Visitor: 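If you scroll down you'll find the structure; I have some questions about it.
Every value quoted in this text rests on a predicted model; they were computed, and no experiment measured them. Counting starts at 1 for both ligands and their atoms, following the listed order.
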Amino acid sequence: MFEKKVSELTADQAAAELEHIAREMAKSDIAYYQQDNPYLTDAEYDSLKRRNAELEARFPQLVRPDSPSKKIGAPLSSGFKKVPHRFPMLSLGDVFSIDEVEDFVLGVKRFLNTAENIVFMAEPKIDGLSFSARYENGLFVQGATRGDGITGEDITENLKTIKELPRHLSGSFPDVLEVRGEVYMKKSDFFALNEKYEAAGKKTFANPRNAAAGSLRQLDPKITAERNLSIFAYTWGEVSQRVWNSQADFFNHLREWGFPTNPLNHLCPDVSEIETNFQHLMEIRASLDYDIDGVVYKVNDIALQERLGFLTRTPRWAVAHKFPAEQAVTTINDIRIQVGRTGALTPVADLEPVNVGGVIVSHATLHNEDEIKRKDIRIGDSVIIQRAGDVIPQVVQVLTDKRPADSKEFVFPDKCPVCGAHAIREEDEAVRRCTGGLTCPAQAKERIIHFVSREGFDIAGLGSSIVEDFYNDGILRSPADIFTLERRNNGDDLFAHLGNSVLHLEQREGWGKKSVENLFKAINAKRTISMPRFIYALGIRQVGAATARLLAKNYGSFAKFMTEMKNKETGPLVAIDGIGESMATDIVEFFQEEHNLNIIDRLLAEVRVEDFIDDSASDSPLSGKTVVFTGTLQNLTRSEAKAAALKLGAKVAGSVSAKTDFVIIGTDAGSKAAKARELGLNILSEEEFSSLIK
Ligand code: IVH
């Protein structure tokens, strides 16, 4: 990653590198801690951190005020009450090899000026987020995140939703006790959550750690409660009376009080046991139901810990021994494109299969086209790949000195490789997407699921698993096929594109005469549909229920809407309050694609779209007003609130301007709220809004 050794650098070069590293790491911290969406791999991050430390050791005069070495943990995010830690929540020094562990042990002995053997507690380093839970007279009274180590965020209510955290302590306990540990999400819970989100069309989490972070740092603890979080306790903060004298003894107390402790915590009498234990944990790591990223060693004897004390930000009595990222060298045989649910084109590298830490890896994600450019990845290249936890393997680095003469640059397609439609990339977006919409097979399944979803055609009998089965068996290939199901089942109508055979749905496993009848009934009930639902169901990018309603309201009839869209002009759309340039472009483009028009034609042959009837009260306080919602609402979902406002004749806009009449502000409102205040607009709380719409 770095061209020169630190010893070969001039001060100017070092200063430039330090600046670069500070910038990259700060960017990565924001992505990681605030957006729960990592930007650098752990190995890349660690390697920058090490390089920074090496540079600072050689050029102490160049240490920057914003140096990554001066920071511990996450920058505070807004929205939570702040909690000062009476005892700071520290971080740990990292070591990466058994040699460095030995150096650490020698350092401890030297500091204590002893030749005697020191016993260490070795604890798996849980890859989650640390928490502090304060108990007064055995009652849980406050929970906090680590934050910057000095001040955390008040997550009392969120922690209360975690079943494993005791609300009252059992046994005998000090009057004041702060128990600290790690909140994490089990891998099994992580996969289940992502599956659920994927099905609901929500953004999924990159790994269990981000899922845990995103779940714990919810301003609405109800959301935290829906996500299964777990904990391991491992240390303490303030205590009125310390009745344990070793880390092992502390673990016994933790269990007595009711806290889960990690079953793999293990006392090591010497360095050789430390090494055996490390190897063992590396081997079983993949089989554990939680991610660990190393082993923490703590001097077991608390009296010795107290003598050893602390460096600025880390204890002298503990260290984290990080697992090496599991890496291997292989070649890229090909690069191909996968098309996801929303049409996102993701480049995937086909690799020469290689064993990475016991798992055969033959594909790696390349994320997006910028990533391919940034790392200069070409077909035929030798690359270092890495498998971290359960994350899809990634390409860490190209071995450019091994690049074959016939390596090929990958040209990112501007057409969908599955359906041939244009693949376009929005300004500010990293992702290129297929515009094939309903006719792209890769998108079709999920699109049908969207079509029948609650805010669309709302056909309850067609759940996602049924759609999936019908799609795989060639029974449903597009939303229009839903409305020919009955005729095809009776043999009244046969469709060449679906195989021209009588369906006999009642003979399918899990189906009978009655359930098939019910399904047809549910479908036929939707042969007349409101204009907003119809527009929503088409699955035009960025067009949710509120926008669909806005469009219906502005155009009145679907026929008129279609005609205008075919004019290819975004101007009239942008003139509608609440529709921006990028959304307008998406809408117009949708209607330029021949296959989308085709499907609409086939649908219109089966269903009648009602003209828009404005049932919003014209004398309501919101009639004709433009409202903007910002922040999290407590009692209404965003879509309920929008629907209520639209029903009362309001226009719902996405951004605040002088034309905005009301701004409804939820709990974690940010810049929009500030702007509303600046412009002196009418600001409503959720309660005020609720009473207004009553
Ligand atoms: S002890 C003063 N023990 O690792 C000692 N930390 O890099 C404070 N972690 O902030 C931490 N498992 O989030 C400790 N068994 C364990 C741990 C552990 C995971 C995390 C924790 C801490 C970070 C330090």
Visitor: Salt-bridged, R50 to E54, with N to O below 4.0 Å?
Guide: no

Visitor: Is the closest basic N to carboxylate O distance between K373 and E371 below 4.0 Å?
Guide: no

Visitor: What orientation do Y135 and F259 show, parallel under 30°, tilted 30 to 60°, or perpendicular over 60°?
Guide: perpendicular

Visitor: Closer than 4.0 angstrom, basic N to acidic O: yes or no for K125 and D293?
Guide: yes

Visitor: Residues around ligand 1, heavy atom under 4.0 Å from any ligand atom, sorted by chain and number. Can you pull those?
Guide: L90, L92, E123, P124, K125, I126, S130, R146, E182, Y234, V296, K298, P315

Visitor: Is it true that D46 and K322 have a side-chain N and a carboxylate O under 4.0 angstrom from each other?
Guide: yes

Visitor: Does this structure show an ion pair linking E56 with R64, if we count only N-O contacts that are shorter than 4.0 Å?
Guide: no

